[in-house]
2 protein chains.
Amino acid sequence: MSSISIKDIAAKAQVSTATVSYVLNGTRNVKQQTRERVLQVIEEMNYKPNNAAQSLKRRRTNTIGVIAEDVTVFNVPEIIDGINDCADRLDMHILLTNLRLDKRIGRSFDDLDAYRHFAENAVSELLSKQVEGIIYIGVHPRDLTGLCDTFGKPIVYTYCYTQNDPSIQYDDEQASYEAMEYLVNKGHSRIAIISGALDSIPSRLRFNGYYKAVTEFELPFDPLLIKMGDWEAESGYRTTKELLSLAVPPTAIMSMNDVMAVGILRAAHEMGVAIPEELSVIGFDNREFSEYLTPRLTTMGLPLHEIGYEAMEALSRILQGEETAIDPKPVCKLIERDSVASP
Amino acid sequence: MSSISIKDIAAKAQVSTATVSYVLNGTRNVKQQTRERVLQVIEEMNYKPNNAAQSLKRRRTNTIGVIAEDVTVFNVPEIIDGINDCADRLDMHILLTNLRLDKRIGRSFDDLDAYRHFAENAVSELLSKQVEGIIYIGVHPRDLTGLCDTFGKPIVYTYCYTQNDPSIQYDDEQASYEAMEYLVNKGHSRIAIISGALDSIPSRLRFNGYYKAVTEFELPFDPLLIKMGDWEAESGYRTTKELLSLAVPPTAIMSMNDVMAVGILRAAHEMGVAIPEELSVIGFDNREFSEYLTPRLTTMGLPLHEIGYEAMEALSRILQGEETAIDPKPVCKLIERDSVASP
DNA sequence: CTGTTAGCGCTTTCAC
DNA sequence: GTGAAAGCGCTAACAG
């Protein structure tokens with residue numbers, strides 16, 4: 001604890017503590033000469049106002065809490081970065097809590113009870129630290145209704161949602177549709193899709209985009225081209241083998257994530273099918289590894305930075321008591337690389 | 001600001017604020033019945049003690065600051081996770097500051113002046129928030145001496161260092177040596193190495209390990225097997241083409257990072273050299289993508305979680321005033337996958 | 001076993 | 001243009 005306080009500054013500069021406070025905050029006019037003297041003493045003594053005392057007195061902290069389900073999961077750091085970006089601009093401060101869910105409970109996301117405890121503790125601690133609002137970052141898009149109570153403090157969810165609170169999510173359906181549109185424009189019509197786990201929201205939404213594209217572009221609809229994966233590479237591998245063994249195989253495959261696309265690449269390689277010459281592949285997520293694959297994977301990039309930024313902005317607006325204008329959902333952006341060609 | 005305070009609880013429970021404080025902190029014996037009444041009121045009113053007031057009074061925050069140069073760089077999240085892990089055990093709290101260096105100044109790491117400003121601000125803010133110490137996480141191992149002054153507060157650096165402060169770093173030389181040892185045990189003796197940028201510390205250290213292995217295992221020393229890369233995939237690609245064109249090409253290549261290993265794989269593929277049958281490859285860093293390459297890359301994994309954990313522990317010991325026992329450096333761990341075979 | 005009260009470091013009203 | 005002093009919410013010494 002830097003034991004040097006406003007009193008020390010006041011004494012050394014031969015003014016009252018009030019005056020020191022005034023020059024510090026610019027709350028009132030202070031004679032030029034006095035101000036300079038104070039400033040100099042502050043500088044000399046490396047004085048830093050005690051933020052706890054300030055908050056206590058001001059009854060404001062200008063701080064919001066961020067609860068991250070797990071900072072080591074791929075989507076989280078970039079979202080945090082977006083929040084920081086916006087918070088810096090708004091001169092807001094961030095208190096980050098890492099729930100460490102992946103390490104602590106593994107993948108049992110659906111069992112709210114398994115981690116309610118952690119979430120409640122995090123909220124409680126943040127509230128105790130007088131945050132003015134909270135942003136909750138999920139590791140997987142899902143319904144978190146009833147996870148925890150914030151006792152009236154505003155909360156914004158991102159990369160997940162609840163039925164009662166505001167949340168910022170990117171547009172999965174549009175992304176899926178746009179990926180299809182890209183493939184169609186390249187000349188494909190026999191396009192297969194490999195889904196993620198069926199009980200997941202992004203899977204459902206991305207299916208919607210797929211069907212919408214199939215309908216709008218009047219593509220031949222063939223149920224054989226629809227495969228159920230589980231987000232893991234192995235499922236991409238297995239289903240691709242099936243797909244390529246079809247009497248009339250697809251000319252393109254859209255994978256609901258990049259990891260399964262790895263399996264697609266592997267299966268095609270083994271079967272001597274050249275990508276993109278004989279088979280186009282498009283992934284989802286723009287994971288870091290996607291550009292290191294051979295061929296470099298074309299994929300839908302998630303607007304992670306943007307949803308973080310928007311979440312912060314939304315929370316800030318709520319704190320200002322502004323009308324919650326419903327912004328358009330941030331959209332995914334296609335990253336064109338080398339795994340797609342015309343058939 | 002949850003306007004409900006200890007006074008409200010005291011009034012409703014018909015005791016003094018002191019008593020409330022005592023039951024809250026267990027600082028003194030309170031009659032069972034009284035305690036229960038107080039606890040119940042607290043529960044009912046969702047009372048959370050104001051942490052700012054507590055800190056002010058206690059003159060302790062139990063909080064340390066963490067300055068991350070950039071949370072979106074691959075090594076940082078896992079280090080943060082390690083810090084969290086240890087902090088949870090020690091019942092310490094973390095204030096995380098993200099400098100966003102990668103986005104703000106790009107890769108000009110060596111120009112301290114370009115970001116001194118950001119670092120100083122971060123320290124200043126943290127000090128103002130009464131942190132008891134600081135951990136600084138770099139995005140690249142390098143000398144940061146003179147970056148910023150912490151005015152006497154203890155600071156521990158990790159994934160970077162200064163000449164005057166404690167720092168936690170993993171053992172690069174040992175890792176490089178061990179990778180070589182692994183290759184030698186597999187039967188290789190003509191082992192090439194592709195370095196990172198020459199002005200970087202890890203490059204130098206990893207060279208040391210290489211030379212040490214060459215000497216100890218009495219490998220034939222051939223300068224032609226030593227290639228200068230720059231950490232990027234392209235340099236791995238280029239140098240591998242040179243290596244494979246040698247009169248007597250190497251049977252194994254050790255790459256100083258996984259990204260350059262991608263270039264190696266690509267070059268070998270183009271030249272029709274099978275990995276691992278005709279050429280073994282070992283990478284460095286265990287980046288997420290390394291297991292998605294074909295073949296899955298064998299690589300040296302960095303003990304990121306561990307250095308975070310150790311940094312927290314070291315700082316804690318310093319705060320306790322304990323002797324700074326010099327711990328052994330955390331060591332890298334070989335991740336055996338499919339890119340290495342016997343020649 | 002419980003209460004009274006000073007005071008942590010700061011901001012801000014009121015007075016001059 | 002400046003200062004005195006109250007009080008933010010809490011803890012802990014002191015008193016009973």
Side-chain angles (χ1 to χ4, degrees), chain A residues 1-39 41-42 45-63 93 124-132, chain B residues 1-39 41-42 45-63 93 124-132:
Chain A
M1 201 121 276
S2 81
S3 43
I4 122 123
S5 87
I6 198 171
K7 265 193 205 155
D8 304 304
I9 304 298
K12 188 129 180 241
Q14 316 206 57
V15 292
S16 71
T17 61
T19 301
V20 177
S21 176
Y22 294 137
V23 342
L24 230 29
N25 301 301
T27 340
R28 200 157 75 175
N29 271 347
V30 174
K31 210 207 308 178
Q32 171 77 3
Q33 192 188 333
T34 318
R35 185 175 50 250
E36 277 173 7
R37 197 170 65 239
V38 171
L39 250 15
V41 174
I42 287 176
M45 307 186 76
N46 287 318
Y47 167 67
K48 309 260 187 294
N50 181 323
N51 183 66
Q54 289 180 313
S55 305
L56 188 58
K57 185 71 217 193
R58 294 209 249 251
R59 327 194 79 225
R60 286 216 58 199
T61 57
N62 254 285
T63 298
H93 296 192
S124 197
E125 200 166 280
L126 255 14
L127 257 24
S128 171
K129 291 186 174 164
Q130 313 304 120
V131 297
E132 293 167 10
Chain B
M1 200 124 271
S2 82
S3 43
I4 123 122
S5 86
I6 198 170
K7 267 194 203 154
D8 304 303
I9 304 299
K12 187 128 180 240
Q14 316 204 59
V15 292
S16 71
T17 62
T19 302
V20 177
S21 175
Y22 293 135
V23 342
L24 229 30
N25 301 300
T27 342
R28 199 157 76 175
N29 270 349
V30 174
K31 209 211 302 181
Q32 171 77 2
Q33 192 188 333
T34 318
R35 186 177 46 251
E36 278 173 7
R37 197 170 66 242
V38 171
L39 250 15
V41 175
I42 287 176
M45 307 187 75
N46 286 319
Y47 167 68
K48 310 260 187 295
N50 181 324
N51 183 66
Q54 288 180 313
S55 305
L56 188 58
K57 183 71 217 193
R58 295 209 250 250
R59 328 194 77 221
R60 287 216 58 197
T61 56
N62 255 286
T63 299
H93 295 192
S124 197
E125 200 166 280
L126 255 14
L127 257 24
S128 172
K129 291 185 174 164
Q130 313 304 120
V131 298
E132 292 166 10

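Chain naming here is simple, since letters A, B, ... match the order of the sequence lines and numbering starts at 1 in each.
Between the C1' atom of dG7(C) and the NZ atom of K57(A) lies a distance of 14 Å, rounded to the nearest Å. E36(B) places its CD atom 16 Å from the C1' atom of dC1(C), with the value rounded to the nearest Å. As a whole-Å value, the separation of R58(A) CZ from dC10(C) P is 11 Å. Rounded to an integer number of Å, the gap from R35(B) CZ to dC1(C) C1' is 12 Å. In this structure, N50(A) atom CG and dG7(C) atom P are separated by 18 Å, rounded to whole Å. Rounded to a whole Å, the CG atom of N51(B) is 19 Å from the P atom of dC8(D). The nearest whole Å value for the distance from the CD1 atom in I6(A) to the C1' atom in dC8(C) is 13 Å. In this structure, N29(B) places its CG atom 16 Å from C1' of dA12(D), rounding to the nearest Å.
Close to dG9(D), at under 4.0 Å from its OP1 or OP2, lies no side-chain N or O of Q54(B). Distances shorter than 4.0 Å separate some side-chain N or O of T34(A) from OP1 or OP2 on dT2(D). Between R59(B) and dG9(C) there is a side-chain polar atom (N or O) within less than 4.0 angstrom of OP1 or OP2.
Comparing R28(B) and A53(B), the nucleotide of DNA chain D nearest to each residue sits closer to the 5' end for A53(B). Nearest-nucleotide assignment on DNA chain C puts the 5′-proximal partner with K31(B), out of N25(A) and K31(B).
Within residues 12-24 of chain B, the residues that place at least one heavy atom under 4.0 Å from DNA chain D are, in residue-number order, A18(B), S21(B), Y22(B).
No donor-acceptor contact under 3.5 Å links the side chain of K7(B) to the base of dG9(D).
Evaluation of the side chain to side chain contact (heavy atoms under 4.5 Å, CB included) rule for K12(A) yields V41(A), E44(A), M45(A) as partners, not counting sequence neighbours.
Across all non-hydrogen atoms, the minimal contact from S124(B) to K48(A) is OG-CE, 3.1 Å.
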